[in-house]
Trainee: 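Below is the structure I would like to discuss, written out as structure tokens.
Order of listing sets the numbers, starting from 1, for every ligand and every atom in it.
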Amino acid sequence: MKETLGFIGLGIMGKPMAKNLINAGYKLIVLDVNPGPVKELVEMGAVAASTPAGIAGSVSKIITMLPDGPEVEEVVLGAGGIIENAGLNTALIDMSSISPTVTHKIAASLKEKEAQALDAPVSGGEPGAIKGELAIMVGGPETLFNEMKPVFDVLGKSAVLVGDTGAGQTTKLVNQILVGIHIEAMGEAFLLASKAGVDCMKVFQAIKGGLAGSNVLNAKVPLLLDRNFKPGFKIRLHQKDLKNALEASETLGLDLKVTRIVQEMIGALVDRGNGDDDHGGIVQELEYRNKTEIM
Ligand code: NAD
């Protein structure tokens, strides 16, 4: 029989991931501040917990899928947090995308209790979470990675141990720089096509098999041309990831110029009230500044 896992954070990503684990035969103890998804999971056989410490008192492996570092810190190190019942067998598998600095702080605090941690953020979005086809980028001890591999195989189509603690989160920052700049490039390219009066869908079909074709374009161009910016991955979460990327780059003495420009465009869009749109909607800032909509 498969072991019981803790699962904290049942949002756009966490809920389908938790459902896939139940469907694969895992028992889950779940927690979210929002009662709706907890109820859905309980109806599928999960047990609801009232505190992260309660989960740590019952199971050894706990997955978190929370918005950002402050939420992960609260759940692990705060009052009623995992740390209160953490011990030799406890393992935190944080699949949220957070700053590598926070990851190091949390892993160090758990180590004082002889507990272990993996940072295991993902790419693939809500569709990847639903289909169990996420790309999982992992940092931490190899033995724990090997123990968790069967769980990762349920949640994703690939899980790569990149390096020690924090390496998974650094890899996620790499991913988010590439995706953010790519969406901005998509906006500039299709704004040009649209303004020139060329059919954007035909442009997409013409280029998608060539060097410029990409997963980003395949996922986002059809939604853009439908004006469908329903999340998906919220712009404010991408803003959080680029903030973490820029902070990490400053610590390393680097200047990531284009990332900074994209982050400034995202900031303006969020300030105008579009933070909850899908990140494919980052192009709206470019449209706003050029007073032209891509059609
Ligand atoms: P979300 O906002 O939909 O879900 C977060 C969940 O955490 C919510 O249900 C919220 O109620 C819960 N939560 C917040 N604070 C809590 C607390 N203290 N205790 C318990 N529950 C709490 O976010 P999401 O889109 O599912 O993203 C989760 C993480 O995955 C983020 O770090 C995000 O950057 C990353 N991610 C998201 C996507 C995507 O496409 N949505 C893709 C890859 C990675």
Side-chain angles (χ1 to χ4, degrees), residues 6-20 28-41 48-56 62-83 92-100 102-103 106 119-138 155-158 168-169 171-180 183 215-216 219-220 223 229-245 266 275-282:
F7 204 115
I8 305 177
L10 304 167
I12 289 176
M13 298 295 284
K15 187 172 78 172
M17 290 164 69
K19 284 185 176 178
N20 286 341
L28 293 190
I29 304 186
V30 297
L31 178 64
D32 195 292
V33 289
N34 180 4
V38 173
K39 187 165 171 279
E40 259 185 74
L41 267 296
S50 52
T51 63
I55 297 183
I62 305 162
I63 297 170
T64 44
M65 196 52 173
L66 295 159
D68 195 4
E71 291 83 5
V72 181
E73 272 200 81
E74 185 193 327
V75 158
V76 182
L77 307 179
I82 289 168
I83 196 104
L92 169 73
I93 296 88
D94 181 29
M95 303 192 76
S96 332
S97 306
I98 71 170
S99 156
V102 178
T103 294
I106 290 172
D119 44 302
V122 306
S123 178
E126 188 185 21
I130 292 170
K131 288 189 219 145
E133 291 181 356
L134 295 167
I136 307 172
M137 37 210 104
V138 189
L155 300 175
K157 66 178 172 195
S158 70
Q169 294 297 354
T171 307
K172 178 67 185 181
L173 298 182
V174 169
N175 188 83
Q176 293 307 82
I177 290 171
L178 286 166
V179 173
I183 290 172
N215 288 341
V216 170
K220 301 303 179 188
L223 296 176
F229 301 127
K230 179 179 169 290
F233 184 69
K234 290 175 190 154
I235 289 173
R236 70 174 76 256
L237 288 179
H238 212 129
Q239 183 184 35
K240 171 260 307 182
D241 289 335
L242 293 191
K243 175 176 169 287
N244 290 337
I266 290 176
D276 288 329
D277 287 352
D278 183 71
H279 63 160
I282 289 171

Trainee: Pairs under 3.5 angstrom, nitrogen or oxygen on both sides, ligand 1 versus protein: list them out, please.
Mentor:
from	atom 1	to	atom 2	distance (Å)
ligand 1	3 (O)	Ile12	N	2.9
ligand 1	9 (O)	Gly11	N	3.4
ligand 1	9 (O)	Asp32	OD1	3.3
ligand 1	9 (O)	Asp32	OD2	2.7
ligand 1	11 (O)	Asp32	OD1	2.6
ligand 1	21 (N)	Val33	N	3.4
ligand 1	26 (O)	Ile12	N	3.2
ligand 1	26 (O)	Met13	N	2.8
ligand 1	32 (O)	Leu66	O	3.0
ligand 1	32 (O)	Pro67	O	2.8
ligand 1	32 (O)	Ser97	N	3.0
ligand 1	32 (O)	Lys240	NZ	3.2
ligand 1	34 (O)	Lys240	NZ	2.8
ligand 1	41 (N)	Gly232	O	3.3

Trainee: Please name all residues satisfying ring pair (Phe, Tyr, Trp, His ring centres under 6.0 Å) with Phe233, sequence neighbours left out, ordered by chain then number.
Mentor: His238, His279
Trainee: Which residues pass the side-chain contact (heavy atoms from CB on, under 4.5 Å) test with Pro52, not counting sequence neighbours?
Mentor: Ile8, Leu31, Val75, Ile82
Trainee: Are Asp119 and Lys172 within salt-bridge range, i.e. N to O under 4.0 Å?
Mentor: no
Trainee: Using 4.0 Å as the upper bound for N to carboxylate O, is an ion pair formed by Asp277 and Lys234?
Mentor: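 Salt bridge absent between Lys234 and Asp277.
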Trainee: Kindly write out the residues that satisfy side-chain contact (heavy atoms from CB on, under 4.5 Å) with Lys243, not counting sequence neighbours, or none if the list is empty.
Mentor: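 Testing Lys243 for side-chain contact (heavy atoms from CB on, under 4.5 Å), a comparison that skips the adjacent residues, returns Glu247, Gln263.
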Trainee: Testing the basics here: between Gly81 and Ala53, what is the closest heavy-atom pair and its distance to 0.1 Å?
Mentor: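 Answer, listing the atom of Gly81 first, then Ala53: O-CB, 3.3 Å.
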